[in-house]
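A short worksheet on the structure shown next.
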Amino acid sequence: MGYKTKFVQDLCSIRTDIYEEVIQFTLNPNVFLQNVQNLRKSSLEALVYVLLMKQRGKLPGTMLEERQLSLKDIISIINMNYLQLQSDSDTFRTQSERLTNAWQSFITIAEALNESQAHLILPALELLEKVKPLHMIWKNTLLRMMFRHENVRVINFGLEHYIKDRSFDGTEVNLEKQFLETFNRSATFDNTADKVVSLSSYYSTPEALSFLLNTIPEISWNSIPYYCISIVIHDRVSAQDAGKEGLVLPLKSLTNCVKMCQKVKNISLRYITSMLILKTISRVATLSINDLSDNFQRFQSVTTPSIDEVYTMVAGIYLYYCLARPEHEPSFSSLNDWSKLLSLLDVGNVDVLTLVIEILHTDKTLLSDEYRMKVADRCYEEILSYRKSDHFMKLIKSFIEMLLQPYIRMAESVDRESATIHGRVSEYVAMFLEQASTIYGLANIVFETVFQLPVEIILNWGSFGKVLLQGMIFGDVQKRDQKYVLEDEKSLQPYPFSRFKHHPRYIGQADARVRVLCVQYLYKIAKAPDQPDAALFLLKLERMLIERFAQITKAKERYYADSITHRQKLRIVQALCVVLKLTGSKPYPLLEVMLYETNQPNINYLIELIVADSSIDTLTIANSLRNEKVKVSGIQSVFVILWLRCCQTNSLDEQYIYLLLPWTMAQNFSTRLYAQITIKKLIAKFSTQPIDAGPFREIYAAVNSYLRQGNVERNIEKCMKDFRFNSVFDYANLLTLENVFHNIPRVSAAPVEDVVGTATLKDCYQTLGLAESNLGQALEFDELRAEKRVNCFLAESFGGADFVQRKIVPLKNLEPAQDMLLGLPEHLCAKKMDSTEGLIVVASLVNRAPNLGGLARTCEIFAVKQFVINSLQDIDNKEFQALSMTAEKWLNVGELKTHKIIEYLEEMKSKGYAIVGAEQTTGSKPIEQMQFPKKCILVLGHEKNGLPAEIIRHLDLIGEIPQFGVVRSLNVHVTGAIFMWEYAKQHLVKTLA
């Protein structure tokens, strides 16, 4: 340290950090030079200082010689490190951009998941791949949010992503369990086979499979998910070549899986899952058949039989005794005999219960016997204990047959008309029909047995009308398990239990079969010989059906397609197609329904067939159009009926053309279009002369000319292909069962369970023992396709998953005060607070709250100075607020009564305002040619009547919007929005530019 001279002291007095680096150089040159290499500023300055002092001879000459560091070396170090730093900076910048995009994607997805509608969420979920640069915990957070979401499509997206884009993670136990719970409660499975393949791949590792087996007992499984899990377990265990030592835990877990099978509600899937798990255990376990045989032999006994076996033998003796009795003698004549039979049920054995029901089945006494009724009630109580077993349906079928068998075998010699169904039997039938909605196949059993009763007894049964009505509209919206059994039968083919799908309980369209049976039974009633009560019963049933239809309409006038309300109304009309055909009544109530109510298309189609097939005069139907309350759909239905009537007679009545002509100029577009198409079709099909030379040539030419104008041509093809205007029906018999149950539902895209096949129709005829009368034939035509919905949210040419809808929702309870306006951007603040210039919109003539709410929202968007309405009370209207989206809180809204508009306009003119009106007049200008004054008042007219003449006289400018279609006017809200945008383009947009 002898070289510490004055320059070091001077250095210390000037820069302490440089002095420290010089000291560091003297104590540990290696550390000092490492700091130089890292471009530490103080180290570089100290090095330069040392080199300068050495050059001046102030430091020992041997210093730094061995390292040969000069100023040139320092510059080289700086340059080298600069290039390295630049490279590091570029790498960091790329990583930074990826992280930034990842966080933006995460926030976008998280915000979207706060919504409930799928079309707002699913586009954002496409950004999930961009979250990968973040830690896995963040992606797992999004998956948890998807699993907890209320929207089924969002949940299914999360499930798909989970099993396809990630592998099993044993550290995330809670998330893995949450996935299984979500999978268990998911609503539907579009492709079950694909789901099974994905799950098998996900649980392919021993760790994953072990977790799955251990977690299964902790979840209350539904039928279909557990079926999928069972296939996964079977496939994974079959694929593994496991040793005997490693099978202790899996075998125990598989035993728990077998226990879970007993909790599966769907009986067929319960059997399927049990067979799968047992087959899996057989692959895992090493027991042989001989071992099993030895185990069973240990418990075999040649000693006294069990109590169950004794009771079964006693019940068998009772049965043989009853079968040996003469037909005219009852098997049990005393209370003691019935009590002994009742005591047999105490053992609680299914074989004994089956024999007792068979004994009651063979007994000749009616159910009116008090003691026999007690035994029947006790049998039903015992049957309920087997509700979750495979014995239940067999027992309940035997029980129902037992209840009705005494009436079925009643001889013709007995006065059947005097026989009445016991009240307790009616109660059982009503109870079974209530349970049939949850017990699949029960309704078929009930009605097949009931319809074996003689018609005389049926007509004398007071509650049969209600029972039949219940059967005609039977069937709820299909449950998930039933839909799976019907649609995914192909997935059962590889397994040995596919024979179960042919069981009568699980045939397709079981509910539809009930309805067809009930409707076809009406033919049996109508054809019953010497039954005057049959016609009265059919008339009573007709009235009950119409009253039920009116009751449903009154309870819920508006309903969705394929809802339970829609299906019930459709089924009532289907039944009326047959009832009215048999009674010959004029369907005036249905004519009123067609004209004055709004129903789903397939209901209207059937009513059109009923009315066209009826004896109601055609002119009576046509004259009903004079009523202003007739719906648009009703008007079009009348056109169809005119067409069907002409097809029935194969001739054209000239009156029909002249009845249709006024409607070709109707205000409603579709009404005009259908009237013109009907005229064209009628003339083209039934004209006896060449069209060019016939009496309707001018009308035909005018209609053809019109149909080629504007946007008519875009709709003409679809309407011309309307199946009702094509020659596909047998017009001599419109109300065939194929038309009612197959053709109309199929062409209107009804659910598959409501489109009854020909095989089912023929099977019902065979079940009832009827000839195939009025069957008709299934027709081949294209289904009515729904309009193609263009996704305006993401256009094909621009955007994609990176452009997600994102709207700013202001706080609804926040009132915009003056100081808040000052916090806005300058150009917005100026627009909001300017009181000298701007646009005032006067909408006092507009009286519909939704239009006012939409105008308020548009006014706020385009910074209108003031929005004037007839009454400030309209702001509190819920319809107003639904469209305004809180715009009224940010908008200057004024009140101006209608009768004061002219006075107001005159006053504002005196203040320098120009008055602009939106109206079509002889002096109006196209809006694109107008120059809006900066101080301007826009006056909007009434929704229907527009601007009155007395207001038009006070207008300075009148603008109209060019139109290129057929419809004559725009909605007042749309008109106001276009005028406001034109004003904004001329004044606000230019100012911003």
Side-chain angles (χ1 to χ4, degrees), residues 546 549-550 553-554 557-558 569 573 576 580 584-649 651-683 685-687 695-696 698-700 702-703 706-707 712 715 719 722 724-725 731 734 848 942-946 966-969:
I546 292 174
F549 189 95
T553 302
K554 187 177 180 180
E557 292 185 9
R558 299 183 64 183
K569 296 180 80 170
V573 176
L576 283 170
L580 291 168
S585 303
K586 293 184 177 181
Y588 286 112
L590 290 184
L591 177 61
E592 292 184 359
V593 168
M594 181 186 75
L595 294 173
Y596 304 116
E597 295 181 12
T598 301
N599 286 293
Q600 294 295 326
N602 46 20
I603 295 177
N604 282 335
Y605 298 158
L606 288 175
I607 295 177
E608 289 166 7
L609 296 183
I610 292 173
V611 175
D613 194 69
S614 70
S615 57
I616 300 178
D617 183 65
T618 306
L619 292 179
T620 302
I621 299 172
N623 289 332
S624 62
L625 296 179
R626 297 178 180 179
N627 192 325
E628 294 181 354
K629 296 182 179 179
V630 177
K631 302 285 186 181
V632 172
S633 59
I635 298 172
Q636 296 171 7
S637 293
V638 172
F639 299 163
V640 174
I641 292 171
L642 294 179
W643 163 261
L644 293 175
R645 287 286 174 91
C646 290
C647 291
Q648 286 175 328
T649 60
S651 62
L652 173 61
D653 190 334
E654 293 185 3
Q655 294 184 77
Y656 297 171
I657 299 296
Y658 296 114
L659 283 171
L660 291 168
L661 273 177
W663 295 101
T664 60
M665 298 300 293
Q667 186 173 4
N668 183 273
F669 172 75
S670 59
T671 301
R672 293 200 304 272
L673 187 61
Y674 267 87
Q676 293 155 8
I677 290 174
T678 306
I679 289 176
K680 181 177 179 179
K681 287 275 189 179
L682 288 173
I683 295 174
K685 182 175 176 63
F686 300 108
S687 178
F696 301 115
E698 295 179 356
I699 296 176
Y700 189 84
V703 169
Y706 177 83
L707 291 176
V712 177
N715 298 276
C719 297
D722 191 325
R724 296 174 293 178
F725 288 110
Y731 295 104
L734 292 173
R848 293 192 60 202
H942 185 270
E943 286 94 335
K944 185 176 182 180
N945 301 322
V966 177
V967 181
R968 300 173 188 148
S969 63

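Every value quoted in this text rests on a predicted model; they were computed, and no experiment measured them.
Side-chain contact check for Y700 versus K680: some heavy-atom pair is nearer than 4.5 Å. Put simply, the side chain of L682 does not reach to within 4.5 Å of the side chain of F696, judged on heavy atoms. The closest side-chain heavy-atom distance from I621 to V611 is below 4.5 Å. Contact of the I616 side chain with the P587 side chain is registered, since non-hydrogen atoms from C-beta on lie closer than 4.5 Å. In this structure the side chain of V638 reaches within 4.5 angstrom of the side chain of L595, judged on heavy atoms. The closest side-chain heavy-atom distance from N599 to V573 is not below 4.5 Å. Side chains of W663 and L625 form a contact here, defined as non-hydrogen atoms less than 4.5 Å apart. A 4.5 Å side-chain heavy-atom check between L734 and Q648 finds at least one atom pair inside the cut-off.
Take F686 and apply the ring pair (Phe, Tyr, Trp, His ring centres under 6.0 Å) test, not counting sequence neighbours, and it matches W643.
Checking side-chain atoms of E943 against main-chain N and O of R848 turns up a donor-acceptor pair under 3.5 Å. Checking side-chain atoms of Q676 against main-chain N and O of T664 turns up a donor-acceptor pair under 3.5 Å.
Taken to the nearest 0.5 Å, the CD1 atom of I677 stands 12.0 Å off from the CG atom of L660. In this structure, CG on L659 lies 12.0 Å from OG1 on T678, to the nearest 0.5 angstrom. Remark: I603 CD1 to T598 OG1 distance equals 11.0 Å, nearest 0.5 Å. Here the CD1-CD1 distance, from I657 to I683, works out to 4.5 Å after rounding to the nearest 0.5 Å. With rounding to the nearest 0.5 Å, the separation of CD in E592 from CG in L590 is 9.5 Å. Summarising the geometry, atom CD1 belonging to I607 is positioned 8.0 Å from atom CD belonging to E597; distances are rounded to the nearest 0.5 Å.
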Pair T618-Q655, side chain to side chain contact (heavy atoms under 4.5 Å, CB included): steps then yes or no: CA-CA 10 Å; T618 306; Q655 294 184 77; over 6 Å; no

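Nearest heavy atom pair, residue R645 against residue A612, reads NE-O, 2.9 Å. Shortest non-hydrogen contact noted between K631 and Y596 is CE-O, 3.5 Å. Listed here is the closest heavy atom pair of F639 and T671: CE1-O, 3.7 Å.
Pairs engaging residues 606-616 under the side chain to side chain donor-acceptor pair (under 3.5 Å) rule: K581-D613, E608-S637, E608-R724 [sequence neighbours left out].
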